[in-house]
Every structure is written in C-alpha cells, then in structure tokens.
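Structure first, commentary second.
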Amino acid sequence: GGRRRRGGAGRGRQKTRTDDLTRALGLAAARFGARPEAAAALATAWARTKPAEFALRLRLARAMGDVGDTKLAGALAEAARDPDPVVRAAAVTAAARVPGGAATVRAGAGDSDAGVRKAALDAAGTRPDAVELGARALAGDGWPMVRHAAADALAIACHDHGEARA
C-alpha cells in the first residue's frame, strides 16, 4: 500500500514546477537584462526536450520569445517544426519578437495547420512582409479565422505605412 509508483503525483508536481520556472526565466531575463545567459539556458533546454514533453516545449517556446535574443532564432525555427501545432504556433509567435525570426514567421504562414497560419499572420502585423503574407492568405486560405487574421495584418500594415508617410 504505501509504495509510490514511479511517475506518481510527486513527479507531476516537479514537472509542473520545472515548466513554470522555464516561463519565469524568460520573463525575468527580459525584464532584468540577463538575455545571453537565459538564451543559452533555453536553447540547451530545448535541445534536450522530447516531443512527448508538450507542456515544457510550449513554455520553452514562449520563454524564448520573452527573452528575445537573436541567438534563439535557430531554436525557434526548430520549434516551429514541432509535431504539435500548438507548440508550432507558440514558436511562430515568439519568433516575431526575436531578431532573425522573420523566416520562421514566413514559414508559419504556410503551415499545414490553420492555427499556426493564424498565429503567423497575427505576429506579422507589424513586420515589413505583412502585406505579402496577408494578401496571400486573404486570397487563398480556406479557413475564415486565417483570412480574418490576414485582414487584420493588412490593416495594421496599412495603418503603419500611413503613419510613416505622414
């Protein structure tokens, strides 16, 4: 009766704490300027995760965006190819906040999953290629939520362009 099985409740709590600490690391690094150290830690953690570790991979992708360091562009590009579309969407969103992440956002706009395409278009709104990505999705995507995001991206891009001209 009193024996604990491997992977029991204690292990689940430890995993949740690790996931939460991962997210906190990204937020703290962004706020307090420890970007290079946090970037290295997050990239290493990403490389060591397995596809089955969904919650951790999702938090790592978000944390990499919070840190916003150029050195994370490669890890985010890899995360944007994750088997899980939720992780891919988070990676695309995060890549938009990382210098060097434009290619990942562009790739996300052509993903097989509508949620990832929507995330890419949501993230593209302030990027220089938002007009091209938005126009392509508005004209040809079969999902209304993706076309709506494309229209929003175009509106933001046109608004920003109008302000730049004024």
Side-chain angles (χ1 to χ4, degrees), residues 18-49 51 53-138 141 145-164:
T18 301
D19 293 348
D20 291 342
L21 286 171
T22 300
R23 180 75 171 150
L25 172 66
L27 295 171
R31 184 170 181 195
F32 300 113
R35 291 178 197 274
E37 296 86 357
L42 290 169
T44 299
W46 176 264
R48 292 180 179 172
T49 63
E53 297 176 292
F54 167 77
L56 179 58
R57 291 171 76 84
L58 178 62
R59 284 183 176 86
L60 281 169
R62 290 176 176 164
M64 287 188 274
D66 292 337
V67 171
D69 191 285
T70 305
K71 294 175 186 164
L72 292 169
L76 283 167
E78 183 181 327
R81 294 186 299 271
D82 194 84
D84 193 292
V86 175
V87 175
R88 292 197 310 270
V92 166
T93 300
R97 301 190 329 248
V98 172
T104 299
V105 174
R106 288 182 69 79
D111 194 272
S112 62
D113 184 83
V116 178
R117 294 193 306 275
K118 179 187 180 304
L121 290 161
D122 288 342
T126 59
R127 303 190 63 82
D129 54 359
V131 172
E132 177 190 341
L133 296 176
R136 188 177 323 136
L138 195 58
D141 201 290
M145 70 176 183
V146 176
R147 291 192 309 270
H148 187 268
D152 286 347
L154 286 168
I156 291 168
C158 290
H159 181 265
D160 289 351
H161 180 70
E163 284 184 355

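The figures that follow rest on heavy atoms only: side chains count, while hydrogens, waters and symmetry mates do not. Note that the structure is a prediction, hence the values are computed from the model and not measured.
Two residues are said to be in side-chain contact when any heavy atoms from C-beta on lie closer than 4.5 Å; Leu60 and Leu42 meet this criterion. Val86 is listed as a side-chain neighbour of Leu58, based on a closest heavy-atom distance under 4.5 Å.
Residues Arg57 and Asp84 are not paired through a salt bridge, judged by the lack of any N-O separation under 4.0 Å between the basic side chain and the carboxylate. Between Arg62 and Asp66, no side-chain nitrogen of the basic residue sits less than 4.0 Å from a carboxylate oxygen of the acidic one, so the salt-bridge criterion is not met.
Taking every heavy atom of both residues into account, Leu133 and Ala124 meet most closely at CD1-CB, 4.0 Å. Nearest heavy atoms, Met64 versus Ala75: SD-CB, 3.6 Å. A pairwise comparison of heavy atoms in Ala153 and Ala130 identifies O-CB, 4.3 Å as the closest pair. Taking both residues in full, the closest heavy atoms of Asp113 and Pro85 are given as CG-CB, 3.5 Å, listed atom of the first, atom of the second, then distance. Contact detail for Ala73 and Pro99: the closest heavy-atom pair is CB-O, 4.1 Å. Nearest heavy-atom pair across Leu138 and Ala150 is N-CB, 3.8 Å.
With Val116 as the partner, the side-chain contact (heavy atoms from CB on, under 4.5 Å) test is satisfied by one option alone out of Val146, Asp111, Leu121: Asp111.
We find the CG-CZ distance between Leu72 and Arg97 to be 11.0 Å, quoted to the nearest 0.5 Å. Within the model, atoms CZ of Arg136 and CZ of Arg117 stand 12.0 Å from one another, a figure rounded to the nearest 0.5 Å.
Applying the side chain to side chain donor-acceptor pair (under 3.5 Å) criterion to Asp69, with sequence neighbours excluded, gives no partner residue.
At least one donor-acceptor pair closer than 3.5 Å links the side chain of Arg88 to the backbone N or O of Pro83. For Arg147 (side chain) and Ala137 (main-chain N/O), no donor-acceptor pair under 3.5 Å exists by modelled atom type.
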**Request:** Would you sort out whether Asp122 and Thr93 count as a side chain to side chain contact (heavy atoms under 4.5 Å, CB included), showing the intermediate values?
**Result:** CA-CA 8 Å; Asp122 288 342; Thr93 300; over 6 Å; no
